[in-house]
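Lettering follows sequence order; numbering is per chain, from 1. Atoms considered below: every heavy atom in the structure, side chains included; atoms not considered: hydrogens, waters and symmetry mates.
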Amino acid sequence: MPTLHIINTSPNMRTALQSCLRVMHEDDGIIFIEDAVISVKKDTPIAELIKEKILTGKCFFLKPDLEARGIKEESMTQGIKLVDYNGFVKLTIEFYRTQTWS
Amino acid sequence: MPTLHIINTSPNMRTALQSCLRVMHEDDGIIFIEDAVISVKKDTPIAELIKEKILTGKCFFLKPDLEARGIKEESMTQGIKLVDYNGFVKLTIEFYRTQTWS
Amino acid sequence: MEQKTCLFINRRSPYGSTHASEALDMAFALSAFEHRVSLIFMDDGVLQLMRDQQTETIGMKNMSPSFKAWEDYEIQHLYVEQASLETRGMQASDLLLDVEIIDSQQLAKVIQSHQFIFNN
Amino acid sequence: MEQKTCLFINRRSPYGSTHASEALDMAFALSAFEHRVSLIFMDDGVLQLMRDQQTETIGMKNMSPSFKAWEDYEIQHLYVEQASLETRGMQASDLLLDVEIIDSQQLAKVIQSHQFIFNN
Amino acid sequence: MKFTIIVNNAPYLSQSSDTACKFAQALLEQGHELVQVFFYFDGVLNALDNSEPPQDDRDVIENWSKLAEENELDLIICSSAALRRGVSDKLAVGFKSDSLGRFSKAVTLSDRVISFGT
Amino acid sequence: MKFTIIVNNAPYLSQSSDTACKFAQALLEQGHELVQVFFYFDGVLNALDNSEPPQDDRDVIENWSKLAEENELDLIICSSAALRRGVSDKLAVGFKSDSLGRFSKAVTLSDRVISFGT
């Protein structure tokens with residue numbers, strides 16, 4: 001019964017992502033929203049941190065938050081998945097529970 | 001004209017301390033208050049980070065915040081300096097300006 | 001009423017904010033209303049359990065006595081993450097309560113065994 | 001009135017909070033009242049300067065036009081820390097303004113040349 | 001499916017309240033049930049009446065009030081968190097102050113409980 | 001020496017308001033001058049009237065009011081930050097709402113400007 005982890009603060013500024021990755025099950029998903037969407041940028045220290053998780057196909061980003069911050073598709077790590085608010089709702093149903101990390 | 005840097009969040013949870021250390025001048029001082037006082041514990045990753053700064057004799061901790069969190073003197077890194085609210089005020093006069101990192 | 005299994009993940013230092021103390025209030029309330037509540041202390045949350053907290057000088061309410069209220073509620077489990085203790089140079093003997101100290105993988109399983117997770 | 005030299009250190013991502021936008025309001029106000037104001041963008045603050053921000057879908061006010069107001073105020077300097085750009089995979093060409101890109105040691109000197117520092 | 005949403009942060013300080021409102025709207029449009037929106041910690045500050053944000057910015061509190069009116073929602077702020085912070089009895093449209101017991105009942109009825117912020 | 005103190009965070013959410021108040025008290029006891037305490041960002045929420053924290057906890061807002069009364073201090077909340085958040089005209093004792101211009105004058109008169117929180 002996998003969990004959807006919701007990260008809403010920047011991993012450049014806070015250590016929530018490290019804690020999340022430490023206690024995450026391999027079937028779990030992760031969605032980056034609000035200030036956390038900066039994690040999408042390729043070839044960065046954070047990209048390295050979530051590399052394995054991206055390979056599982058369960059790494060999601062909230063598209064409206066990416067657009068707001070002017071982050072272009074060509075600068076994103078390959079293999080991540082973009083969702084809108086509707087897709088976010090669907091993920092919370094697809095996964096059995098959510099856990100928010102700030 | 002040295003600066004007193006004020007850190008008020010835990011370096012275990014946020015990256016403010018790293019940013020502060022990156023742009024700090026060698027004459028500058030640093031005071032840990034509120035949740036930041038956990039940095040006082042010896043033999044930890046944070047202790048390692050501020051090791052050099054402690055050697056300069058300009059690493060201060062707000063004692064009331066240490067007491068509140070039950071941190072004992074024998075678990076503290078050697079060479080740090082404890083101040084009360086009065087001492088904190090005096091430091092802000094002794095140094096030329098303050099900069100707060102959250 | 002249908003009981004739910006609720007897990008509180010307490011990651012914050014006490015006193016730096018009211019998160020620690022208000023999260024406890026919520027945990028107790030859910031327990032009083034028949035939900036099955038457990039708590040995990042990890043990251044700076046382990047500091048909530050430190051012995052000998054003295055809050056007179058900062059002028060704030062001492063949280064430690066609240067933990068004695070455990071016994072009045074049917075809290076299922078109190079877990080502490082080992083890695084969080086180690087990073088902070090802490091040991092089980094520093095804590096004011098008997099707790100179950102678990103590693104990060106066990107913690108992942110605890111999360112999987114609950115319906116709702118509350119973070120703070 | 002005695003002018004002061006004021007430095008704003010902007011470290012926050014835009015939109016995740018109003019810190020970025022309210023800090024600008026304060027900087028502009030101090031400048032309007034004859035203080036000598038400079039700004040540094042470092043850490044996630046460099047994201048405030050990204051081109052092509054589109055905030056319609058999140059329903060928030062776009063910050064980018066505010067930066068054009070620079071020209072109406074006598075802002076002394078706009079600095080961006082090189083290391084903060086690099087960590088985020090960003091370059092000068094990603095930014096919507098001409099700024100002075102400086103390294104961390106130069107930044108330390110900029111801090112030393114101001115009387116008051118404002119953080120956000 | 002039955003949702004409870006928890007809003008933990010003050011408006012404007014954090015985007016969490018905005019995101020929670022967008023999320024609530026999306027789940028309602030998909031035909032799901034929103035049992036309760038519960039405001040805790042500084043989230044209770046979303047209920048402050050008469051806020052006037054700058055004209056060119058969004059009005060977070062009004063967005064909640066509209067959503068509540070259009071969907072006959074319960075927006076519940078925690079009474080003890082509100083009392084501590086000085087959030088008075090006069091609340092914005094759609095908000096009610098109630099106990100953690102009321103929240104506990106919503107938890108009972110829900111398939112998902114989702115937290116925004118802290 | 002002449003100080004201005006800036007309080008950037010809401011009470012209770014963060015200890016910063018408590019620390020700022022203790023710091024203000026200490027500097028006044030040492031005979032320094034406190035030109036202004038300015039509340040910005042969510043700091044304006046320190047001025048909410050009629051808060052009632054639990055009896056066994058401290059009352060952050062009352063602590064400020066007392067300090068202001070005993071020392072005839074100016075506790076200034078930023079009017080535009082307050083308007084945005086719904087902090088009304090009826091403020092706790094000792095607080096006044098005013099513009100960033102008022103703050104700017106305090107900066108002019110100060111030897112030290114010290115920020116607590118954000």
**Student:** Tabulate, in ascending numerical order, the residues of residues 72-87 of chain F having at least one heavy atom closer than 4.5 Å to a heavy atom of chain D, or enter 'none'.
**Tutor:**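 Within residues 72-87 of chain F, near chain D: F:Ala81, F:Arg84, F:Arg85.
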**Student:** Has D:Glu74 got more than 12 heavy atoms of other residues, nucleotides or ligands less than 6.0 Å from its CD?
**Tutor:**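 No, CD of D:Glu74 has 12 or fewer neighbouring heavy atoms, counting only those of other groups under 6.0 Å.
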**Student:** Given that the side chain runs from C-beta out, which part of F:Asp42 has a heavy atom under 4.5 Å from chain D: side chain, backbone, both or neither?
**Tutor:**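 When you check distances to chain D, no heavy atom of F:Asp42 falls under 4.5 Å.
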**Student:** Minimum heavy-atom separation for D:Phe116 to F:Asp111, with atom names?
**Tutor:**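 Looking at all heavy atoms of both residues, the shortest contact is CE2-O, 3.5 Å.
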**Student:** What pair of heavy atoms forms the shortest contact from D:Phe118 to F:Ile6, and how long is it?
**Tutor:**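 Taking every non-hydrogen atom into account, CE2-CD1, 3.6 Å.
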**Student:** To the nearest 0.5 Å, what is the distance between NZ (F:Lys105) and CD (D:Glu34)?
**Tutor:**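 That separation rounds to 12.5 Å.
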**Student:** Counting heavy atoms not belonging to D:Asp98, are there more than 12 under 6.0 Å from its CG?
**Tutor:**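 Incorrect, the count does not exceed 12.
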**Student:** If you draw a 6.0 Å radius around CZ in F:Arg58, do more than 12 non-hydrogen atoms from other residues or ligands fall strictly inside?
**Tutor:**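 Result for CZ/F:Arg58: enclosed.
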**Student:** Quick check: closest heavy atoms across F:Ser104 and D:Ala29, and the distance to 0.1 Å?
**Tutor:**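 Answer, listing the atom of F:Ser104 first, then D:Ala29: OG-O, 4.3 Å.
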**Student:** In terms of heavy-atom pairs under 4.5 Å, which option from D:Arg12, D:Met26, D:Gln115 contacts chain F the most?
**Tutor:**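 Sorted descending by pairs with chain F, the first entry is D:Met26.
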**Student:** So which part of D:Ser31 gets closer than 4.5 Å to some heavy atom of chain F, the side chain, the backbone, both or neither?
**Tutor:**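 Interface part for D:Ser31: neither.
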**Student:** Would you compute the distance between atom NZ of D:Lys4 and atom CG of F:Leu109 and round it to the nearest 0.5 angstrom?
**Tutor:**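 D:Lys4 atom NZ to F:Leu109 atom CG measures 8.0 Å (nearest 0.5 Å).
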**Student:** Any heavy-atom pair between the side chains of F:Thr118 and D:Asn119 that's under 4.5 Å?
**Tutor:**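 Of all side-chain heavy-atom pairs linking F:Thr118 with D:Asn119, at least one is under 4.5 Å.
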**Student:** Does the side chain of D:Phe33 come within less than 4.5 Å of F:Thr108's, by heavy atoms?
**Tutor:**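 No, too far: nothing below the 4.5 Å cut-off.
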**Student:** Under 4.5 Å from any heavy atom of chain D, what part of F:Ile114 do you find: side chain, backbone, both or neither?
**Tutor:**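 Neither the backbone nor the side chain of F:Ile114 comes within 4.5 Å of chain D.
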**Student:** Check whether any side-chain heavy atom of F:Tyr40 sits under 4.5 Å from a side-chain heavy atom of D:Asp25, and report yes or no.
**Tutor:**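 Yes, their side chains come closer than 4.5 Å.
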